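Worksheet for the structure shown next.
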Amino acid sequence: MRASETIRQRLAGSAESAAPALLGALLTSELDGRLVQARITEVEAYEGELDPASHAFRGPTKRNQVMFGAAGRLYVYFVYGMHWCANVVCGQPGTAAAVLLRAGEIVEGVQHARERTPSSISTAKLASGPARLARCLGLSGGHTGLDLLDPQSPVRIEALGEPAAHLTGPRVGIAVAVEQPWRFWLPDEPSVSPFRPGGRMRPAGNRQTGQL
DNA sequence: TTGTCGATTGAG
DNA sequence: TCAATCGACAAT
């Protein structure tokens, strides 16, 4: 069986089962005439309408519409007034599950990635963090909806082999459903984020948090 | 129509 | 440790 079929099957399952299949996968971007490739080292699973930390928790909106569609589509969202973050839609249509691509190792096009990331960080950490990863690959909101499983797509993803051995833990930067160990990462990778609790503390009962 | 907040980052 | 910065969405 071809690797593309394997990853397609894994993406058809829940975010929790799809996420580890994306570890070690090769993400390719040919946007703006520049070829950049990243090997994914860290991801997080978001379980759609069941998950209070998911953008889809409150149902379909204009922004999250693509999450309710077919697995393998790209969902890029804007956050904190300045950053873009990239997700891979997974699960069955209607479930709105997705996997956030949190970090990667740039394996091709380091020079292009550097041009998009004006800073003095080391090559190993160029794509460390979801916003930096998206920036290295030139991704923004207009790319939402691209089919990552289509070999003709300017942005695509392919598994290189069997899912790699990985570690799990709580997701980074969220204030709800913090007990779920839905972050997955490869061991001994310098691009993987340190854990950081998220959101702001707010008085209990002030806002609906939902049940999982 | 208004106000609050965010799946982050980089500087101080 | 904290400001930047603006779109999405819930509350008026």
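The chains referred to below are lettered A, B, ... by the order of the sequence lines, with proteins before strands, and numbering in each begins at 1. Source: prediction; values computed, not measured.
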Between A:Arg102 and A:Val172, is there a side-chain heavy-atom distance shorter than 4.5 Å? yes
Within this structure, what is the [atom1]-to-[atom2] distance between [X] and [N], rounded to whole angstrom?
X: A:Arg171; N: B:dT8; atom1: CZ; atom2: P; result: 11 Å
X: A:Leu133; N: B:dT9; atom1: CG; atom2: P; result: 10 Å
X: A:Met82; N: C:dC2; atom1: CE; atom2: C1'; result: 12 Å
X: A:Gln65; N: C:dA8; atom1: CD; atom2: P; result: 13 Å
X: A:Tyr75; N: B:dA7; atom1: OH; atom2: C1'; result: 9 Å
X: A:Glu44; N: B:dT8; atom1: CD; atom2: C1'; result: 12 Å
X: A:Phe57; N: C:dA10; atom1: CZ; atom2: P; result: 11 Å
X: A:Arg58; N: C:dA11; atom1: CZ; atom2: P; result: 8 Å

Base, sugar-phosphate or nothing for [X]? Non-hydrogen atoms, less than 4.0 Å.
X: A:Arg196; result: base
X: A:Ala131; result: sugar-phosphate
X: A:Phe78; result: sugar-phosphate

Which nucleotide wins on minimum distance to the side chain of A:Asn87, given the candidates B:dA7, B:dT8, C:dC9? B:dA7
In Watson-Crick or G-U wobble terms, with both distances under 3.5 Å, the base opposite B:dG6 is C:dC6
C:dT12: pairing nucleotide in any strand, Watson-Crick or G-U under 3.5 angstrom: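 Check on C:dT12: unpaired, no WC or wobble geometry under 3.5 Å.
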Once the angle between the rings of A:Trp84 and A:Phe78 is folded into 0 to 90°, is it parallel (under 30°), tilted (30 to 60°) or perpendicular (over 60°)? tilted
Working to the nearest 0.5 Å, report the span between CD1 of A:Ile40 and CG of A:Leu160.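 Those atoms lie 10.5 Å apart.
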Nearest 0.5 Å, please: how far is CZ in A:Arg171 from CZ in A:Phe195?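 CZ of A:Arg171 is found 10.5 Å from CZ of A:Phe195.
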Under 5.5 Å centre to centre and under 30° between planes: does that hold for A:Tyr46 and the six-membered base ring of B:dA7?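 Yes; by the centre-distance and plane-angle rule, A:Tyr46 counts as stacking on B:dA7.
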5' precedence on DNA chain B between A:Ile174 and A:Arg135 (nearest-nucleotide basis):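 Closer to the 5' end of DNA chain B: A:Ile174.
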Below 4.0 Å: OP1/OP2 of C:dA8 and any side-chain N or O of A:Thr61: no
Any side-chain N or O of A:Arg63 under 4.0 Å from OP1/OP2 of C:dC9? yes
So, under a plain 3.5 Å distance rule, would you say the side chain of A:His55 forms a donor-acceptor pair with the base of B:dA7? yes
Would you say the side chain of A:Tyr80 and the base of C:dA4 hold a donor-acceptor pair, judged only by whether the two atoms sit under 3.5 Å apart?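 Looking at the base of C:dA4, it does not pair with any donor or acceptor on the side chain of A:Tyr80 (distance under 3.5 Å).
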Taking atom types as modelled, is there a side-chain donor on A:Arg114 or A:Thr123 under 3.5 Å from an acceptor on the other?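 Checked: A:Arg114/A:Thr123 side chains pair up, N/O donor to acceptor below 3.5 Å.
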